[in-house]
Amino acid sequence: MDMRTRVTTALKQAMKDKDAERLSTLRLVNAAIKDRDIALRAAGNEEAKGCDDSDVLEILGKMSKQRKESARAYEEGGRLDLAERELREVKIIEEFLPKQLDDDEVAKAIQTAITATGAGSIRDMGKVMGELKANYTGQMDFGKVGPLVKDHLCAASNGDC
């Protein structure tokens with residue numbers, strides 16, 4: 001079952017269960033997916049079928065990250081009730097994301113991507129990141145992976161960075 005169908009099915013189930021919080025979060029997810037569809041069509045792709053699973057995973061990842069940042073800001077501001085609400089939304093969103101890779105798996109994925117692209121210097125970082133995004137969207141935080149890739153490439157090129 002594709003990601004869009006999974007979200008829609010969960011949305012319908014939340015309606016049946018009268019789970020207002022889950023329903024609200026899933027409606028936001030659905031709206032973000034539809035916004036991306038519209039953006040793709042507006043970009044000149046009239047025959048575009050809409051966003052695919054990788055786009056949906058990217059949307060879910062961004063939504064999760066935004067809510068975590070909001071929760072952190074609410075906690076710093078002393079609004080624990082709002083922080084808890086954001087974290088509950090994160091849990092709902094993350095139900096649809098694949099399992100996050102641990103540190104060892106991320107290191108192996110980076111090494112595999114470097115080997116697959118034939119990267120040998122920091123100049124090849126874009127190729128490596130593209131390879132990782134193509135294969136591991138939603139499974140790792142690319143903001144944290146970027147410096148790791150840079151470190152691997154610097155080490156491979158004997159410190160020439």
Side-chain angles (χ1 to χ4, degrees), residues 1-11 22 24-74 83 86-161:
M1 182 179 333
D2 69 333
M3 293 299 294
R4 183 187 301 259
T5 307
R6 284 182 56 204
V7 170
T8 304
T9 303
L11 183 98
R22 184 172 175 80
S24 172
T25 303
L26 292 173
R27 282 184 173 154
L28 289 172
V29 170
N30 213 15
I33 293 169
K34 288 180 181 180
D35 284 346
R36 178 69 60 93
D37 288 342
I38 292 168
L40 289 173
R41 282 197 304 262
N45 300 339
E46 289 299 325
E47 62 276 349
K49 295 177 181 143
C51 52
D52 58 4
D53 280 356
S54 64
D55 291 329
V56 174
L57 287 173
E58 182 182 333
I59 290 166
L60 293 171
K62 282 183 182 178
M63 291 180 80
S64 175
K65 186 175 180 181
Q66 287 171 342
R67 276 154 183 76
K68 287 177 184 175
E69 290 171 1
S70 295
R72 195 171 316 119
Y74 286 138
E86 293 291 328
L87 293 174
R88 286 192 304 267
E89 286 186 6
V90 168
K91 279 188 172 184
I92 293 168
I93 292 168
E94 288 183 345
E95 288 175 19
F96 300 95
L97 289 172
K99 179 184 87 62
Q100 295 292 304
L101 299 178
D102 63 27
D103 292 340
D104 292 337
E105 292 171 326
V106 169
K108 287 179 187 174
I110 291 170
Q111 198 57 49
T112 303
I114 289 172
T115 305
T117 58
S121 71
I122 195 68
R123 292 181 182 167
D124 299 322
M125 186 168 172
K127 291 179 190 175
V128 175
M129 291 300 288
E131 179 76 14
L132 289 170
K133 285 183 180 182
N135 295 320
Y136 299 100
T137 300
Q139 295 179 308
M140 60 177 70
D141 180 0
F142 291 104
K144 293 178 183 174
V145 170
L148 296 174
V149 170
K150 185 175 181 180
D151 292 344
H152 276 77
L153 292 174
C154 285
S157 63
N158 298 321
D160 292 337
C161 288

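Owing to the predicted nature of the structure, the values given are computational and were not obtained by experimental measurement.
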Partners meeting side chain to side chain contact (heavy atoms under 4.5 Å, CB included) with [X] (sequence neighbours left out):
| X | value |
| --- | --- |
| Ser24 | none |
| Asp53 | Asp2, Met3 |
| Asp35 | none |
| Lys62 | Arg36, Glu58 |

Nearest heavy atoms of [X] and [Y], plus distance in Å:
| X | Y | answer |
| --- | --- | --- |
| Leu57 | Phe96 | CD2-O, 4.1 Å |
| Val128 | Ala119 | CG2-CB, 3.5 Å |
| Ala107 | His152 | O-NE2, 4.5 Å |
| Ala71 | Ala83 | O-CB, 3.6 Å |
| Leu153 | Ser121 | CD1-O, 3.6 Å |
| Ile33 | Ile59 | CA-CD1, 3.9 Å |

Within residues 93-116 or reaching into it, pairs that qualify as salt bridge (charged side-chain N to carboxylate O under 4.0 Å, His left out) - sequence neighbours excluded: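 Output for this query lists Arg22-Glu95, Lys68-Glu94, Lys99-Glu105.
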Summary of salt bridge (charged side-chain N to carboxylate O under 4.0 Å, His left out) pairs that have at least one residue in residues 117-132, sequence neighbours excluded: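 Residue pairs with at least one partner in residues 117-132: Asp124-Lys127.
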How long is the span from the [atom1] atom in [X] to the [atom2] atom in [Y], to the nearest 0.5 Å?
| X | Y | atom1 | atom2 | value |
| --- | --- | --- | --- | --- |
| Glu89 | Ile92 | CD | CD1 | 6.5 Å |
| Glu69 | Ser64 | CD | OG | 10.0 Å |
| Gln100 | Met140 | CD | CE | 9.0 Å |

Using the test side-chain hydrogen bond (donor to acceptor under 3.5 Å, both in side chains), find all partners of Ser54 that sit at least two apart in sequence or belong to another chain.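 side-chain hydrogen bond (donor to acceptor under 3.5 Å, both in side chains) check on Ser54 returns Asp52.
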Please list, chain by chain and in numerical order, all residues satisfying side-chain hydrogen bond (donor to acceptor under 3.5 Å, both in side chains) with Asp141, sequence neighbours excluded.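 Per chain and number, Asp141 pairs via side-chain hydrogen bond (donor to acceptor under 3.5 Å, both in side chains) with no residue.
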Lys133: partners by salt bridge (charged side-chain N to carboxylate O under 4.0 Å, His left out), with sequence neighbours left out: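 Result, salt bridge (charged side-chain N to carboxylate O under 4.0 Å, His left out) vs Lys133: none returned.
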Identify, with sequence neighbours excluded, every residue that meets salt bridge (charged side-chain N to carboxylate O under 4.0 Å, His left out) alongside Asp151.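 If we apply the salt bridge (charged side-chain N to carboxylate O under 4.0 Å, His left out) test to Asp151, skipping adjacent residues, there are no hits.
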Kindly indicate whether the side chain of [X], heavy atoms from C-beta on, has any atom under 4.5 Å from the side chain of [Y].
| X | Y | result |
| --- | --- | --- |
| Arg41 | Ile38 | yes |
| Leu40 | Asp55 | yes |
| Asp37 | Arg4 | yes |

Show the atom names and distances, to 0.1 Å, of all donor-acceptor pairs under 3.5 Å that link a side chain in residues 25-32 to residues at least two apart or in another chain.
from, atom 1, to, atom 2, distance (Å)
Thr25, OG1, Glu21, O, 3.1

Taking the side chain from Thr115 and the backbone from Gln111, do they hold a donor-acceptor pair closer than 3.5 Å?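 Yes; judged by distance alone, with no hydrogens or angles, the pair exists.
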